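Single-structure report; data block below.
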Protein chains: 2
Amino acid sequence: MARNGTDGATVGSDETLFAIIEQLRERDGAGVTELAAGLGLAKSSVHKHLRTMVEHGYAVNRDGTYHVGLEFFRAGEYARDRYDIYHAAKDPVDDLAAETGEMAWLIVEENGRAMYLYGSRGDAGVSVEAIVGTWRHLHVNSGGKAILAHLPDDEVERILDAHGLPARTENTVTDRGELRAELDRIRERGYAVNRSEDLHGIHAIGAPVRHDGAVRGALAVAGAARRLARDDREADLAERLLTATDDVEVNLAYQ
Amino acid sequence: MARNGTDGATVGSDETLFAIIEQLRERDGAGVTELAAGLGLAKSSVHKHLRTMVEHGYAVNRDGTYHVGLEFFRAGEYARDRYDIYHAAKDPVDDLAAETGEMAWLIVEENGRAMYLYGSRGDAGVSVEAIVGTWRHLHVNSGGKAILAHLPDDEVERILDAHGLPARTENTVTDRGELRAELDRIRERGYAVNRSEDLHGIHAIGAPVRHDGAVRGALAVAGAARRLARDDREADLAERLLTATDDVEVNLAYQ
DNA sequence: ACTCTTGTTCCCCTACAGCGAACGTGTTTC
DNA sequence: GAAACACGTTCGCTGTAGGGGAACAAGAGT
């Protein structure tokens with residue numbers, strides 16, 4: 001039915017569903033014909049999926065175009081709230097952003113990828129909203145590297161096997177040996193550094209949040225390379241960052 | 001395959017998928033066996049769905065138990081951000097909560113139901129997070145009634161046909177004629193009132209946000225019945241509420 | 001060492017997901 | 001203003017893959 005060849009054992013209809021969602025997002029809403037053409041499916045098949053989704057709130061038909069529905073928002077809020085580190089880190093991240101005047105982030109790992117769970121920015125601005133809720137490879141940002149550095153070795157290997165080390169900029173670490181060496185340095189130093197490895201002109205430092213001997217996520221401070229590159233600035237930010245992660249760990253300990 | 005009898009034309013596998021998500025949420029994470037038993041499906045079927053979901057980030061396997069995945073958070077953030085009223089109303093809602101010291105809400109309608117898109121609370125507190133991202137019937141809260149009052153008559157009828165007028169408390173309006181009369185009053189008065197119709201001891205007032213001649217959502221102020229019941233308080237809150245909706249409408253007009 | 005319970009894999013079978021065509025409705029075009 | 005078009009929706013048919021059951025592996029508890 002679906003075009004999956006040797007996936008192991010997955011449900012093709014589910015994959016079609018996910019593909020429709022993806023298309024709805026990419027096209028910012030679309031009609032049945034457009035979706036069917038884009039996915040190489042029959043109009044009737046797409047229609048049946050959409051009807052099912054609408055019935056459950058996962059899609060809406062607004063003025064003749066289908067859109068991603070707010071049931072996803074409901075499920076998404078639940079998925080985020082499930083992380084107690086989110087509740088423990090919210091205030092510390094806000095404080096960190098206010099103190100430093102830079103952007104501050106909470107990052108967690110799931111299925112070997114990094115997700116920005118929460119963000120705050122000293123001088124307001126909407127740019128935070130564009131990042132929260134997006135995936136990254138763990139190796140391209142400071143928070144992700146901080147997490148990797150404190151994950152069991154075999155899990156790190158599994159993650160690298162599954163997702164590889166694709167480059168985002170010319171500074172991205174793309175070599176396993178190099179990455180492993182850097183993870184050692186991160187463990188010694190206590191925090192990770194990102195020098196334009198994800199986005200040009202953006203530097204960041206990130207530190208892990210640990211609880212019960214396992215990494216639960218990471219906090220990061222990010223800002224313009226020009227400002228963060230100075231050594232004394234890095235030391236100051238690192239100091240404040242580690243204080244913030246301490247706060248989160250305390251919050252986690254006391255629920 | 002799925003047990004849907006006379007649904008019209010929906011995809012059974014999709015419904016199974018949604019049912020699994022629902023179960024994962026209700027049980028706060030679960031194993032294959034538990035899910036299969038709860039849904040009356042074979043373990044192998046549930047497993048196949050879960051594998052597909054994990055592959056796409058819609059589920060995670062943490063320590064042997066499956067959970068709702070953060071891909072839902074990604075899609076949910078997108079679904080929320082799609083509403084420009086969200087961006088237009090965020091600050092006004094915060095201001096409204098700060099000014100009044102009560103809880104302030106942004107509510108939108110989708111598929112005939114009300115969704116709390118954003119909330120703010122004067123004196124902090126996490127209670128807001130439990131409400132944001134949840135559905136309500138339109139007739140049980142002030143924001144929903146304000147929306148209903150400004151929807152075309154035929155659409156109101158369709159919504160009532162589809163969702164009915166179930167009671168949440170003994171104060172809920174459950175009669176169509178009564179509701180229609182109240183919608184008239186709301187249009188005259190400019191705002192809607194909720195007197196413990198959704199939750200005992202909680203009163204609220206809500207006003208519509210309109211743009212291009214159509215309702216785009218509603219703001220509401222809610223608080224303890226004891227405080228809000230006084231007539232002078234209602235007048236004061238209504239004044240501030242309507243100022244806030246004006247602000248949102250201005251923000252919408254200027255993008 | 002034994003049992004019990006779990007997640008996972010394998011394979012068969014038939015229900016249904018996907019298709020194509022037909023239908024209805026609204027919009028554009030000349 | 002009617003004809004051509006494009007769209008969403010509905011309707012049966014058909015072959016494939018979704019679901020079931022059993023077997024397997026891997027821990028956990030006794």
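Since this is a predicted model, take the numbers as computed values, not measurements. Sequence lines set the chain letters: A, B, ... in the order given, protein chains first and strands last, and positions in each chain run from 1.
- The phosphate of dT8(C) (OP1 or OP2) has a side-chain N or O of Y66(B) nearer than 4.0 angstrom.
- Between E34(A) atom CD and dA6(D) atom P there is a gap of 15 Å when expressed in whole angstrom units.
- Across the interface with DNA chain D, nearest-nucleotide mapping of G40(B) and T33(A) shows T33(A) to be the residue nearer the 5′ end.
- For R51(A) and dT10(D), the shortest distance from a side-chain N or O to OP1 or OP2 is below 4.0 Å.
- Within the 4.5 Å cutoff, the side chain of E157(B) has no heavy atoms near those of the D154(B) side chain.
- When rounded to the nearest whole Å, the span between CD1 of I20(B) and P of dG18(D) equals 13 Å.
- Between S44(B) and dA22(D) there is no side-chain N or O to OP1 or OP2 distance below 4.0 Å.
- Here the CG-CZ distance, from L70(B) to R80(A), works out to 10.5 Å after rounding to the nearest 0.5 Å.
- Below the 3.5 angstrom threshold, one finds no donor paired with an acceptor across the side chain of K43(B) and the base of dG21(D).
- As rounded to whole Å, 15 Å separates atom P of dT9(D) from atom NE2 of H49(A).
- Residue H67(B) contributes atom NE2, which lies 12 Å from atom P of dG7(C) at whole-angstrom precision.
- When the options H56(B), K48(B), E55(B) are evaluated for a side chain to side chain contact (heavy atoms under 4.5 Å, CB included) with T10(A), the one that passes is E55(B).
- Ion pairing between a basic and an acidic side chain is recognised when a charged N comes within 4.0 Å of a carboxylate O; D161(A) and R176(A) show such pairing.
- Here dC7(D) presents its P atom at 15 Å from CG of N61(A), a figure rounded to the nearest Å.
- Note: CG (D14(B)) to P (dG18(D)) measures 11 Å, nearest angstrom.
- Rounded to whole angstrom, the span from the CD atom of E15(A) across to the P atom of dA17(C) amounts to 15 Å.
- Under 4.0 angstrom from either OP1 or OP2 of dT9(D) there lies at least one side-chain N or O belonging to H47(A).
- Heavy-atom distances to DNA chain C give each of V32(B) and K48(B) a nearest nucleotide, and the one nearer the 5′ end belongs to V32(B).
- The distance from atom CE of M53(B) to atom P of dT8(C) is 14 Å, rounded to the nearest whole Å.
- The line from CD of Q23(B) to CG of L39(B) is 4.5 Å long, rounded to the nearest 0.5 Å.
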